[in-house]
Amino acid sequence: MDRILITSAIPYINGIKHLGNLVGSQLPADLFARYMRCRGHEVMFICATDEHGTPAELAAAKAGKQVEEFCTEMHEVQAEIAKGFRLSFDNFGRSSSPQNHVLTQHFAGKLAENGFIREVVEEQVYSPTDGRFLPDRYIEGTCPNCGYDSARGDQCDNCTKQLDPTDLINPYSTESGATDLEVRETKHLHLRQSALKDDLDAWINSKHDWPVLTTSIAKKWLHDGDGLQDRGITRDLDWGVPVKKGTEDWPGMEGKVFYVWFDAPIEYIAATKELTDANGEDDAAWKRWWRLDEGAEDVKYFQFMGKDNVPFHTLSFPATIKGSGEPWKLVDYIKSFNYLNYDGGQFSTSRGRGVFMDQALELLPADYWRWWLLSNAPESSDSEFTWENFQAGVNKDLADVLGNFVSRVTKFCRSKFGEEVPAGGEYTAEEAELIASLTTRIRAYEGHMSAMEVRKSAQELRAIWVAGNEYLQTTAPWSAFKTDPDRAAAITRLSLNLIRLYSVLSAPFIPDASAKMLAAMKTENADWPGDVAEFLAALPAGHAFEVPEVLFAKISDEDREAWQERFAGTRD
RNA sequence: GGCGCGGUAGCUCAGUUGGUUAGAGCGCUCGACUCAUAAUCGAGAGGUCGGGAGUUCAAGUCUCCCCCACGCCA
């Protein structure tokens with residue numbers, strides 16, 4: 001039995017994520033976690049909300065709430081949606097947790113001790129009216145280039161020219177409208193990633209089995225231009241982890257907090273501690289996952305994320321870990337994903353384009369989305385969501401191939417033999433052939449699942465479903481029944497056992513339907529198939545079952561058209 | 001403008017270190033079956049692998065140039 005640590009990139013607290021976000025990290029991570037549990041491994045599957053930073057403060061203000069209150073509510077919303085999609089996190093934590101405060105401050109302290117922190121004095125725009133420093137994009141003014149009067153401090157939306165806030169003519173705060181802005185000096189901490197560059201480079205180069213997407217992004221950041229740059233890890237904000245050197249105050253850094261990208265990945269560790277704390281366990285319980293000197297030596301650590309998160313996970317977070325000089329667990333494998341596009345364009349949170357997680361669950365059960373998204377996961381390149389493809393894929397794979405198989409077998413049996421596994425008849429060469437073919441396919445499926453080859457896994461699983469229909473078509477028990485009822489009974493007995501096989505194999509993809517299939521077969525035995533012939537004999541003659549409700553209703557053309565229309569524009 | 005990733009059947013995508021007639025699913029056509037959610041199974045049609053040049057006994061797969069789409073950065 002292996003010990004498998006899995007983390008999914010943590011979604012930002014501000015708003016509900018769209019299907020592109022889901023398929024880029026949480027969903028494939030869940031697939032892998034479920035599979036590893038099915039295979040009997042000890043799994044720790046961690047996710048959380050990323051709660052700090054200006055966008056959260058502003059969203060809270062807009063909602064007329066305190067930021068803590070806002071985050072608590074939004075965390076609850078995201079946690080509920082995650083449950084709706086059957087994301088099987090062992091803990092869905094919060095980056096604002098006390099555990100993360102302590103750990104983040106601890107790492108910063110160690111980095112400072114080891115000389116990887118540099119204090120830098122910068123000039124930033126301060127608004128006396130707002131009582132705070134303003135991030136570039138919360139300052140607007142007239143563009144010096146094109147004269148557009150609502151150019152942002154980082155870029156002009158009209159002429160696309162990149163700007164500094166000080167370039168703007170008649171700048172004002174977008175928060176208060178205040179125009180009495182001034183430039184003030186402020187001190188910040190920078191993480192000396194440049195000093196760790198060679199170490200990180202060697203580490204990345206040793207990862208020969210990582211996806212090209214992952215390593216190519218990391219290498220670009222390492223070698224592009226002047227190479228890996230130091231990065232500011234603090235901000236002049238209220239909402240965040242207060243800057244401390246371990247448990248000590250940090251002179252000159254009063255009133256400042258760590259920047260989100262510094263504390264967010266540390267939350268992976270903190271969320272594990274949140275879990276064990278909640279369970280009343282001691283520190284050894286979480287350290288055995290994260291500390292090489294306290295039991296994590298044999299842990300295999302997998303991270304899942306979209307490509308936009310790769311730099312933080314290949315460079316920034318490892319720099320934090322390595323720079324600490326302490327034996328923390330480093331990631332063993334980074335599975336990264338491209339983007340899922342929506343109907344010819346991008347999904348967009350800010351513009352509300354596409355289907356969002358809460359809306360998706362209003363339309364259809366989780367299994368529909370899980371199956372389609374995973375079987376079309378953007379692994380090797382960006383991929384595309386269209387309503388036509390979604391409808392066709394779901395109807396064909398889930399309703400016609402899998403759902404209908406369950407229907408035809410259980411209903412045939414009920415009408416000819418009653419609602420129990422029929423006795424009589426012998427297995428022939430046809431059964432031997434089916435079992436041989438299934439064995440090959442199941443072993444291939446296991447290989448793809450272990451390798452996190454999501455699309456290939458889905459393809460193989462589908463082929464296994466098809467094999468059942470093929471078998472029925474060839475053996476035609478409805479014909480055999482007329483001349484040789486015993487033969488028909490043998491075929492039906494095997495086919496009923498196939499339903500249990502499909503339940504077990506499909507569980508990581510479509511957990512709800514899987515549970516329904518197992519329940520219909522009136523068994524709780526969901527052990528993974530080793531010897532297939534043996535597995536298919538587990539439900540013996542005389543074992544009762546029931547005909548389940550239709551597993552997957554089809555998506556009608558009317559529904560599809562209505563949804564297409566509804567989601568054509570922006571989110572209401 | 002620089003960099004990055006792509007451009008393979010109507011659609012969505014696979015194609016290992018260059019090597020026999022370029023693959024899958026859907027869609028389409030035809031056939032079989034009638035247990036089943038008008039479901040299933042089989043067969044077939046369909047691509048000069050964005051364009052051009054080159055390296056090689058051999059290129060979708062390597063090199064160069066160009067075109068197109070997307071993304072990141074200045």
Side-chain angles (χ1 to χ4, degrees), chain A residues 20 154-155 160-164 208-209 211-221 223-226 229 306-308 310-311 336-348 371-373 375-417 422 448 451 453-463 465-482 488-489 491-492 495-496 499 513 547-556:
Chain A
D154 53 346
Q155 182 178 35
T160 74
K161 185 176 171 58
Q162 304 280 317
L163 302 169
D164 274 326
H208 304 291
D209 60 335
V212 178
L213 182 64
T214 304
T215 51
S216 69
I217 292 174
K219 286 177 181 173
K220 180 178 189 300
W221 281 64
H223 303 299
D224 211 35
D226 297 329
Q229 301 296 300
K307 59 184 171 188
D308 51 330
V310 169
S336 56
F337 289 85
N338 286 285
Y339 294 138
L340 179 70
N341 288 318
Y342 178 76
D343 218 1
Q346 290 187 319
F347 273 92
S348 168
W371 172 255
W372 192 89
L373 290 169
S375 59
N376 290 278
E379 286 179 299
S380 58
S381 62
D382 290 356
S383 67
E384 175 104 355
F385 175 94
T386 66
W387 287 101
E388 285 86 355
N389 283 336
F390 175 68
Q391 178 195 28
V394 159
N395 284 354
K396 192 70 188 174
D397 298 347
L398 296 182
D400 295 347
V401 175
L402 176 61
N404 183 53
F405 177 82
V406 173
S407 248
R408 64 195 298 205
V409 169
T410 52
K411 288 182 179 172
F412 177 78
C413 186
R414 180 174 62 184
S415 73
K416 306 298 184 197
F417 304 104
H448 291 141
E453 293 274 10
V454 177
R455 295 176 82 125
K456 285 182 183 169
S457 300
Q459 266 176 30
E460 200 60 54
L461 179 58
R462 195 198 122 97
W465 297 341
V466 167
N469 284 309
E470 205 179 313
Y471 169 71
L472 279 186
Q473 213 59 37
T474 320
T475 54
W478 48 88
S479 299
F481 185 76
K482 296 169 190 162
I491 295 165
T492 305
S495 299
L496 286 164
I499 294 174
V547 176
E549 295 295 305
V550 165
L551 284 180
F552 298 99
K554 290 208 207 190
I555 298 170
S556 68

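Throughout, protein chains are lettered first and strands after them, A, B, ... in sequence-line order, and every chain is numbered starting at 1. It should be emphasised that the depicted structure is a prediction, and the values quoted were computed from it without experimental measurement.
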Distance, rounded to the nearest Å, where Lys307(A) contributes NZ and rC72(B) contributes P: 9 Å

Any donor-acceptor N/O pair under 3.5 Å between rA39(B) base and Asp400(A) side chain: no

Spacing between Phe390(A) atom CZ and rC11(B) atom C1', to the nearest angstrom: 17 Å

Sub-6.0 Å ring centroid separation between Phe417(A) and Phe481(A): yes

Touch class at under 4.0 angstrom, heavy-atom based, for Leu551(A) against every strand present: base

Phe412(A) vs Leu472(A) side-chain heavy atoms within contact, under 4.5 Å: no

Atom P, compared across rU61(B) and rC70(B): separation rounded to whole Å: 24 Å

Earlier contact from the 5' end, RNA chain B, for Lys456(A) and Lys411(A): Lys456(A)

Nearest-Å distance for atom pair CG/C1', residues Asn341(A) and rG6(B): 12 Å

rG60(B) to rA9(B) separation - P atoms, rounded to the nearest Å: 15 Å

Length of the line joining Tyr339(A):OH and rG4(B):P, which is rounded to integer Å: 17 Å

Touch class at under 4.0 angstrom, heavy-atom based, for Phe552(A) against every strand present: base

Heavy-atom side-chain contact between Leu551(A) and Leu398(A) under 4.5 Å: no

Atom pair distance, as rounded to whole Å: CZ in Arg414(A) and P in rC35(B): 15 Å

Each stem that RNA chain B is part of, given as range with range (3 or more consecutive Watson-Crick or G-U pairs, under 3.5 Å): B:1-4 with B:70-73, B:10-13 with B:23-26, B:28-32 with B:40-44, B:50-54 with B:62-66

Same-atom distance (C1') from rA36(B) to rA45(B), integer angstrom: 29 Å

Parallel, tilted or perpendicular: ring planes of Trp465(A) versus Trp371(A), cut at 30 and 60 degrees: tilted

Sugar-phosphate only, base, or nothing, as touched by Ser383(A) at under 4.0 Å among non-hydrogen atoms: sugar-phosphate

Nucleic acid footprint by protein, nucleotides 22-33 of chain B - heavy-atom cut-off 4.0 Å, B for base, S for sugar-phosphate alone: ---SS------S

Glu470(A), nearest nucleotide to its side chain (from rA39(B), rG42(B), rU37(B)): rG42(B)

Spatial distance of atom CG (Asn389(A)) from atom CD (Glu384(A)) [nearest 0.5 Å]: 8.0 Å

Distance in angstrom units between Leu402(A) CG and rU40(B) P, rounded: 12 Å

Gap in Å between the two P atoms, one belonging to rC62(B) and one to rG4(B), rounded: 15 Å

Between P of rA39(B) and CZ of Phe405(A), the distance in whole Å: 18 Å

C1' gap between rG51(B) and rC57(B), integer Å: 26 Å

Close side-chain approach of Phe337(A) to Glu379(A), heavy-atom, < 4.5 Å: yes

Proximity to the side chain of Asn469(A) - top-ranked nucleotide from rA39(B), rC13(B), rC41(B): rC41(B)

N/O (side chain, Lys554(A)) to phosphate O (OP1/OP2, rA39(B)) under 4.0 Å: yes

Sugar-phosphate, base or nothing in reach of Val409(A), heavy atoms under 4.0 Å: nothing

rG7(B) and rC11(B), which share atom name P, separated by this distance in whole Å: 14 Å

Nucleotide of rU37(B), rA36(B), rU34(B) approaching Arg408(A) most closely (side-chain heavy atoms): rA36(B)

Distance in Å, Ser407(A) OG paired with Ile499(A) CD1, rounded so as to fall on 0.5 Å steps: 9.0 Å

Between rC11(B) (C1') and Asn376(A) (CG): distance, integer Å: 11 Å

Nearest-0.5 Å distance that lies between atom CG in Asp397(A) and atom OG in Ser375(A): 6.0 Å

Gap separating the OG1 atom of Thr492(A) from the CH2 atom of Trp478(A), nearest 0.5 angstrom: 10.0 Å

P spacing across the pair rC3(B) / rC64(B), given as an integer number of angstrom: 12 Å

Inter-nucleotide C1' distance (rA59(B), rU20(B)), Å rounded: 15 Å

Sub-4.5 Å side-chain heavy-atom contact between Asp308(A) and Tyr339(A): yes

Value rounded to 0.5 Å, distance of CZ in Arg408(A) from CD in Gln473(A): 5.0 Å

